[in-house]
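Report on one structure; see the data block that follows.
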Amino acid sequence: WTVTQTPDWVTGVPLTFDGSSSTGAAGATPYQWDPDGDGVYAAPTASTSQTITYTTPGTKTVNLKASDTDSPVNVDTFTRNINVVQSTDIGVTSSVGGGVFRGGTPGLIQSIVSNNSLATANTRPITFTQTIPSGLSVTSVSAPGWNPCTTTASLVTCTRDTGSLAAGASSTIAISVSPSPSGPHSVSSTATVSQLGDVVSTANNTAVINTTITKVDLTATLSHAASQLIATGTYPYTLHVSNVGDAATGGTVTALVNLPDGVSFVPAGSSGSGWTCVPIHDDLNNRDQVRCNRPPSSPILAGDSAPDVTLRLKVAATVPAGTITPTVTVSTTAGEDTDAFGGTNTASDPTDVIVEPDLAVTASHAGDFVVGAVGTYNVTLANPSVLDATGPSTVSYDTPTGLTVHGTPSGTGWDCAASTSTHVQCVYADPVSAGQSAPALTPLLRTTRPPTTGGRSASRFLQGSPSSAGCPYSPRSG
């Protein structure tokens with residue numbers, strides 16, 4: 001009778017003993033097996049085969065006893081000795097190049113398959129698998145000495161022939177992957193190696209990688225200090241770029257500033273350590289832009305900010321009064337920027353533009369006016385804007401019925417010669433600087449009787465500011 005197993009009898013691999021060439025009594029159970037060779041036979045059976053798996057090496061003895069139904073009974077015993085060798089111990093370790101993956105940057109899973117046996121090459125074919133988690137995609141597999149590997153979205157499988165991995169030798173399988181910037185933050189991958197009959201140690205047949213896909217998350221702000229911009233003026237804007245992610249930038253960081261119509265970039269005086277800023281034109285949208293690049297050699301570290309950039313922007317005389325809004329968008333050429341940590345890639349900075357000073361007048365008096373008496377009325381002309389009023393500036397006022405102008409209104413630098421008994425008109429010839437006021441103007445008014453104008457008393461006209469009391473004083477510059 002024979003034993004089936006090729007090429008060697010190895011521990012952990014089932015061996016089938018075939019005694020079909022033996023004959024026994026028909027219709028009976030004439031066979032008894034002694035798989036351990038210890039003389040103890042199992043119960044009679046009709047089977048002419050026996051399958052045994054040995055877990056230890058050495059010389060093994062198997063006995064087969066066959067009997068018939070003659071009288072007396074004839075019994076034959078067959079003995080087979082085989083040499084079982086120890087199966088090789090195949091193990092695997094696995095790691096990630098750099099310890100972690102970076103979103104948008106090529107990564108590497110490296111697994112090492114080892115033959116831990118001291119004297120025997122692998123006794124059976126080896127199968128290696130590596131799971132590929134969501135967030136990673138395989139770009140290539142390098143496995144010298146292995147048969148061509150197969151790859152799916154979630155698994156890499158490689159096989160190696162019997163005897164191809166020498167005792168004490170190891171083989172590396174390198175799987176190049178592309179980590180997605182939008183993938184999960186935490187990932188896990190399992191490497192498994194198997195060889196039929198590897199019963200020496202199963203603990204080293206699996207290696208698990210638990211790691212993260214670190215990500216860049218850029219955010220930008222654009223700001224200016226001036227409360228108002230004056231047409232024809234040049235003003236500094238501050239560009240601030242920070243990285244709120246957990247990975248440093250690896251590619252070139254680009255901040256693209258879109259300029260409103262009539263606003264241009266002034267390179268002189270613009271600066272930012274590590275940044276290079278140049279004016280460009282967006283032909284598609286027909287607008288001017290400023291492109292600021294920061295090279296890979298000056299990365300923005302995780303949780304850190306790049307040095308601020310000062311951009312000097314000039315407002316043309318053709319820009320009308322109103323609001324202009326420059327915007328900025330920040331990105332990286334490596335495609336690694338994400339919004340995983342709440343970063344905002346775009347920002348805007350609305351800015352008021354004025355083309356002439358915005359003068360304001362306030363008026364006040366003390367106490368009530370008495371019929372027949374003269375009251376003092378204090379008028380202040382202010383320039384709260386950022387643009388100087390070059391002058392002359394004119395304040396005019398028609399008195400309501402019941403009030404007349406007493407004498408000529410007075411105030412340092414004021415010319416009120418054009419005033420009449422019912423109309424105050426005063427001119428201040430000197431400039432009123434931005435944020436300053438002209439000297440106070442003091443017209444004297446005589447009350448002839450309690451007047452009304454539009455259903456409101458004259459005293460109401462003389463209280464508070466123009467917006468709250470309807471003061472008819474009208475400032476005018478130039």
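Note: hydrogens, waters and symmetry copies are ignored here, and every other heavy atom, side chains too, is used.
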For [X] and [Y], indicate whether the former's side chain and the latter's backbone hold a donor-acceptor pair under 3.5 Å.
X: Thr351; Y: Asp349; result: yes
X: Ser298; Y: Pro295; result: no
X: Tyr235; Y: Ala225; result: no
X: Lys60; Y: Ile82; result: no
X: Gln32; Y: Ala42; result: yes
X: Thr238; Y: Thr310; result: no
X: Asp38; Y: Val40; result: yes

Between [atom1] on residue [X] and [atom2] on residue [Y], distance to nearest 0.5 Å:
X: Gln50; Y: Ile52; atom1: CD; atom2: CD1; value: 5.0 Å
X: Phe17; Y: Thr48; atom1: CZ; atom2: OG1; value: 13.5 Å
X: Leu222; Y: Leu311; atom1: CG; atom2: CG; value: 7.0 Å
X: Cys277; Y: Leu239; atom1: SG; atom2: CG; value: 7.0 Å
X: Asn383; Y: Asp388; atom1: CG; atom2: CG; value: 7.0 Å
X: Ser393; Y: Leu359; atom1: OG; atom2: CG; value: 5.0 Å

Would you call [X] and [Y] a side-chain contact if the rule is heavy atoms closer than 4.5 Å?
X: Ile126; Y: Leu165; result: yes
X: Ile173; Y: Val141; result: yes
X: Thr190; Y: Thr206; result: yes
X: Pro44; Y: Pro30; result: no
X: Thr61; Y: Thr79; result: yes
X: Phe101; Y: Leu136; result: yes
X: Val241; Y: Thr219; result: no
X: Val138; Y: Ile175; result: yes

How far apart are the closest heavy atoms of [X] and [Y], and which atoms are they?
X: Ile90; Y: Asn205; answer: O-ND2, 2.6 Å
X: Pro296; Y: Gly251; answer: CG-C, 3.8 Å
X: Gly39; Y: Asn63; answer: N-ND2, 4.5 Å
X: Ile213; Y: Ser180; answer: CG2-O, 4.0 Å

Tell me, please, which residues at least two apart from Arg294 pass salt bridge (charged side-chain N to carboxylate O under 4.0 Å, His left out).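 Applying salt bridge (charged side-chain N to carboxylate O under 4.0 Å, His left out) to Arg294 gives none.
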Applying salt bridge (charged side-chain N to carboxylate O under 4.0 Å, His left out), name anything that partners Arg287, two or more places apart in sequence or on another chain.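 So Arg287 forms a salt bridge (charged side-chain N to carboxylate O under 4.0 Å, His left out) with Asp282.
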Name all residues meeting the side-chain hydrogen bond (donor to acceptor under 3.5 Å, both in side chains) criterion together with Ser189; count only those two or more places apart in sequence or in a different chain, and write none if there are none. Gln130
Any chance the side chains of [X] and [Y] put a donor and an acceptor closer than 3.5 Å?
X: Ser49; Y: Asp18; answer: no
X: Ser188; Y: Asn210; answer: yes
X: Gln110; Y: Thr172; answer: no
X: Ser47; Y: Thr45; answer: no
X: Thr16; Y: Thr51; answer: yes
X: Thr327; Y: Asn258; answer: yes
X: Ser171; Y: Trp146; answer: yes
X: Thr252; Y: Asn293; answer: no

Set out, in order, the CA-CA distance, both residues' side-chain angles and the distance that settles side chain to side chain contact (heavy atoms under 4.5 Å, CB included) for Asn243 and Asp304, then state yes or no. CA-CA 6 Å; Asn243 179 8; Asp304 203 358; 5.9 Å; no
Apply side-chain contact (heavy atoms from CB on, under 4.5 Å) to Pro125 and list each qualifying residue two or more places apart in sequence or on a separate chain. Thr162
Which residues share a side-chain contact (heavy atoms from CB on, under 4.5 Å) with Asn116, sequence neighbours left out: Asp89, Ser114, Asn204
Kindly write out the residues that satisfy ring pair (Phe, Tyr, Trp, His ring centres under 6.0 Å) with Tyr428, not counting sequence neighbours, or none if the list is empty.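 Tyr428: ring pair (Phe, Tyr, Trp, His ring centres under 6.0 Å) contacts with Trp414.
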Results of ring pair (Phe, Tyr, Trp, His ring centres under 6.0 Å) for His224 - residues two or more places apart only: Tyr237
Distance-only donor-acceptor pairs under 3.5 Å for side chains of residues 152-159, two or more places apart:
unit_1 : atom_1 : unit_2 : atom_2 : d
Thr152 : OG1    : Ser154 : N      : 3.4
Thr152 : OG1    : Leu155 : N      : 3.0
Thr152 : OG1    : Leu155 : O      : 3.3
Thr159 : OG1    : Asn147 : ND2    : 3.1

Going through the checks in order, is the side chain to side chain contact (heavy atoms under 4.5 Å, CB included) test met by Leu313 and Val266? CA-CA 6 Å; Leu313 304 183; Val266 180; over 6 Å; no
Review item, side-chain donor-acceptor pairs of residues 314-324, under 3.5 Å, at least two apart:
unit_1 : atom_1 : unit_2 : atom_2 : d
Lys314 : NZ     : Thr232 : O      : 3.1
Thr323 : OG1    : Asp352 : OD1    : 3.1

Taking only residues at least two apart or on different chains, which pairs with a member in residues 261-279 satisfy salt bridge (charged side-chain N to carboxylate O under 4.0 Å, His left out)?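 Sorted pair list comes back empty.
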Listed once per pair and sorted, the salt bridge (charged side-chain N to carboxylate O under 4.0 Å, His left out) pairs that draw on residues 100-118, sequence neighbours left out: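 Listed once each, the pairs are Arg102-Glu336.
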With a sphere of 6.0 Å drawn around CZ of Arg291, does it hold more than 12 non-hydrogen atoms of other residues, nucleotides or ligands? no
Evaluation steps, side chain to side chain contact (heavy atoms under 4.5 Å, CB included), between Val62 and Asp34: CA-CA 6 Å; Val62 178; Asp34 171 17; over 6 Å; no
Any chance you could lay out the side chain to side chain contact (heavy atoms under 4.5 Å, CB included) test for Ile109 and Ser94, step after step, and finish with the verdict? CA-CA 7 Å; Ile109 300 175; Ser94 195; 3.9 Å; yes
Residue pairs, two or more places apart or on separate chains, that pass ring pair (Phe, Tyr, Trp, His ring centres under 6.0 Å) and touch residues 252-307: none
Can you spot which of Asn122, Asn115, Thr127, Thr88 makes a side chain to side chain donor-acceptor pair (under 3.5 Å) with Gln195? Thr88
